[in-house]
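In this text the structure is predicted, and so the values were computed from the model without any measurement. Counting convention: from 1, in listed order, for ligands and their atoms alike.
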Amino acid sequence: MCGIFAVVSKNNVVDLLVSGLKALEYRGYDSSGLAVLSDKEIITVRATGKVINLEEKLKSNLIESRIGIAHTRWATHGKINELNAHPHVTKDIAIVLNGIIENFLQIKEMLISKGYSFFSETDAEVAAVLIQYYIDLNHSHLEAIKEAVNILLGSYSIIILHKEHEQKLFAVKKGAPVVIGINSEYGIVSSDIYSLANLVENVYFLEDKEIAEVSINNFQIYNLNLDFVPRETLKHNINIDEVSKGEFETFMQKEIYEQPAALKRCREQYIDITSEKIIYNNTEKLKEKIKDNITIVACGSSYYAALLAKHWFEEIANIKVDVEIASEFISKNYIFRSRATLLISQSGETKDTISALEAAKSKGQYIISLVNVVESTIARLSDIVLPIYAGQEIGVASTKAFLNQLLLLYLIVLITKDVEGKKIKNDILEIESVISESLKIDIPINIIELIKNSKTKIFTSREILLPIAYEACLKLKELSYLQAETIPAGEMKHGPIALIDESSIVIGIANSACSFYEKIISNFYEINSRGGKILAIIDKNSLHDFEITPYKITVPNINNKQLAPFATIIVFQKIAYEVAKSLGNDVDKPRNLAKSVTVE
Ligand code: M6R
């Protein structure tokens, strides 16, 4: 799950390559590199760490060229060092690759036996040398790529720069996204549409097992028989302003505070608050396909959104829900009881979720997706797409996208149940109000220190708030790198309570509107009796019950218990953010992670 970017232009492309990489850095930032052509020679520059390191290196290594390819890496095969950084270069070509070549060891062995050498530990270099091998067998460039693709197993996209082609880039896709943008100034190939949105208006998506030749203002797409394949033009309307931090210190902070606007943007597409009417026009189809059960598949935060949706579907609409983790879903003979499968994905490019979608489709499931990026692979493979309209989310940790997923899932449940517009409107207004109110809550410094200094950190809750406990814990782990886990409150006594001593903190979510309220309070007492500290996330109404702990954060009261999750989300985003900042971590680009996880 790396970012690949390439440009052919009438002018020098080096700065464009660097800014393209910066836009793609969310896909990985272990190392970066670029290759350009100068007098038919390939020149490469690589650096470990973030793209800024490559940029620094380029200052003392001034190069100029009108064609080049670039890469930002999330390491899979091979350590994080310059040798393993892309581009990988052979006698005639340089390539950048996003994805994984599963059979690289066998191919490497074969190529070594034929006298080829390797300089890195990566699977990607094998793709470069294999294409070179076919070029050496006198295949044309397209044929060499085609032959290689027929052998390379896995999921990947590759951009190829050829010494003989100073005005043409080649690209191939098998499982990982490739978008092409052209105009009279440029020919561009990239992993995502956002990275080229400020340079071109017209974009074209490559499909699996297609090869593209891209030049200024022109491109051609071929299938693996090398027949020409036509492609529809898509005019994007991406707002580039979203890509700036504005007055905020980090993208994540901006995205946290953008949430009221993101919620409004989403609901406006589905309901008209003034007339109290649903304006989403696929309601009947959705109802027909969901009927009385649905399967939901997702990863990470999107999976926790699915867990919460299960409560809503089952309690409010009496619709049975099966929720699955995408990466596990494909490894078993899944027996569907539903007609439709709902895939939830912010990026719409998560490889595990795409594979789950394909598996569900192959078993005749009707595919519904809830995505943020409507141009994504998941959206394009779906029968119905439900956009969450969160706007581009750049921080690796999901915030506004998670919240908008919840809002839309809740709306879908109400719509499916034919709940009257007035009630939907009231619920939406209540959600918007608790979100705005909770944005004003500051996390006290003693609580940040307590979390940092506690050896054992356990998030807990019950029922409808348990998915929020999972999400809260994931947020803390991915940003702070501190070990923590989530345990359902009722499960503590079945083993995990043995972890509790004076160095433990249990972060418990209770809400007086929920039926399990009394039970979770009892669970807090059980922790307290064993010396564990409790950070209670409670609503204003339940304050009086909490003499057992000096550590509490009070969230706004809610009238409808189904909305309790909305009252607590922001607090957890802020806790994770503040803990990570005080540890000096990069909250937008936490270590070892990438925003879009395009490998299995
Ligand atoms: O783009 P997706 O929603 O499919 O991504 C799924 C997960 O990779 C994602 O939610 C991840 O867990 C985030 N880093 C959470 O903050």
Side-chain angles (χ1 to χ4, degrees), residues 1 25-29 74 176-177 191-194 250-252 255-256 259 296-309 323-330 341-358 369-382 385-388 390-406 408-409 459 467-481 484 486 569-570 572-577 579-580 585-600:
M1 51 208 204
E25 214 174 3
Y26 71 88
R27 302 177 77 92
Y29 28 82
W74 187 81
S191 295
D192 85 13
I193 193 168
Y194 290 104
T250 61
F251 281 108
M252 184 179 171
E255 285 155 10
I256 289 175
Q259 287 176 110
I296 311 185
V297 188
C299 302
S301 295
S302 298
Y303 171 72
Y304 299 138
L307 289 182
L308 190 35
V323 181
E324 299 288 337
I325 291 180
S327 54
E328 285 297 308
F329 180 77
I330 50 163
T341 294
L342 169 65
L343 291 307
I344 306 179
S345 176
Q346 185 284 128
S347 61
E349 297 297 349
T350 300
K351 183 68 183 109
D352 291 320
T353 314
I354 294 173
S355 301
L357 184 157
E358 284 161 349
S369 64
L370 198 124
V371 296
N372 195 25
V373 183
V374 286
E375 301 86 2
S376 61
T377 306
I378 289 179
R380 284 183 287 121
L381 292 174
S382 302
V385 182
L386 298 162
I388 61 168
Q392 192 183 5
E393 191 177 65
I394 294 175
V396 164
S398 186
T399 52
K400 60 177 181 168
F402 178 71
L403 178 64
N404 274 28
Q405 285 171 345
L406 295 190
L408 186 51
L409 287 163
F459 287 79
I468 296 293
Y470 280 110
E471 168 64 7
C473 182
L474 173 65
K475 256 343 42 116
L476 182 73
K477 286 192 284 197
E478 65 183 340
L479 294 181
S480 71
Y481 323 144
T486 304
I569 294 169
I570 306 279
F572 288 116
Q573 294 171 351
K574 285 193 168 188
I575 288 178
Y577 184 89
V579 172
N585 298 351
D586 183 339
V587 292
D588 284 337
K589 299 191 192 92
R591 74 179 182 204
N592 303 341
L593 297 180
K595 181 79 185 155
S596 198
V597 184
T598 56
V599 294
E600 282 175 297

For this session: Could you list all the salt bridge (charged side-chain N to carboxylate O under 4.0 Å, His left out) pairs where at least one residue sits in residues 467-476, not counting sequence neighbours?
Result: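 Checked against salt bridge (charged side-chain N to carboxylate O under 4.0 Å, His left out) - neighbours excluded - the pairs reaching residues 467-476 are Glu471-Lys475, Lys475-Glu478.
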
Exercise. Any donor-acceptor pair under 3.5 Å linking the side chain of Gln405 with the backbone of Ile388?
Worked result: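 No; zero donor-acceptor contacts below 3.5 Å.
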
Exercise. Ignoring hydrogens and geometry, is there a side-chain-to-backbone donor-acceptor pair from Lys400 to Gln392 under 3.5 Å?
Worked result: yes

Problem set entry | Near ligand 1, at a heavy-atom separation below 4.0 Å: residues by chain and residue number |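 Ligand 1 pocket, heavy atoms under 4.0 Å: Cys299, Gly300, Ser301, Ser302, Ser345, Gln346, Ser347, Thr350, Val396, Ala397, Ser398, Leu474, Lys475, Glu478, Val597.
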
Exercise. Does Asn372 have any side-chain hydrogen bond (donor to acceptor under 3.5 Å, both in side chains) partners at least two apart in sequence or in another chain, and if so, which?
Worked result: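 With sequence neighbours excluded, Asn372 shows a side-chain hydrogen bond (donor to acceptor under 3.5 Å, both in side chains) to Gln346, given in chain and number order.
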
For this session: Kindly write out the residues that satisfy side-chain hydrogen bond (donor to acceptor under 3.5 Å, both in side chains) with Ser480, not counting sequence neighbours, or none if the list is empty.
Result: none

For this session: Establish, from distance only, whether the side-chain atoms of Asp352 and Tyr303 form a donor-acceptor pair under 3.5 Å.
Result: no

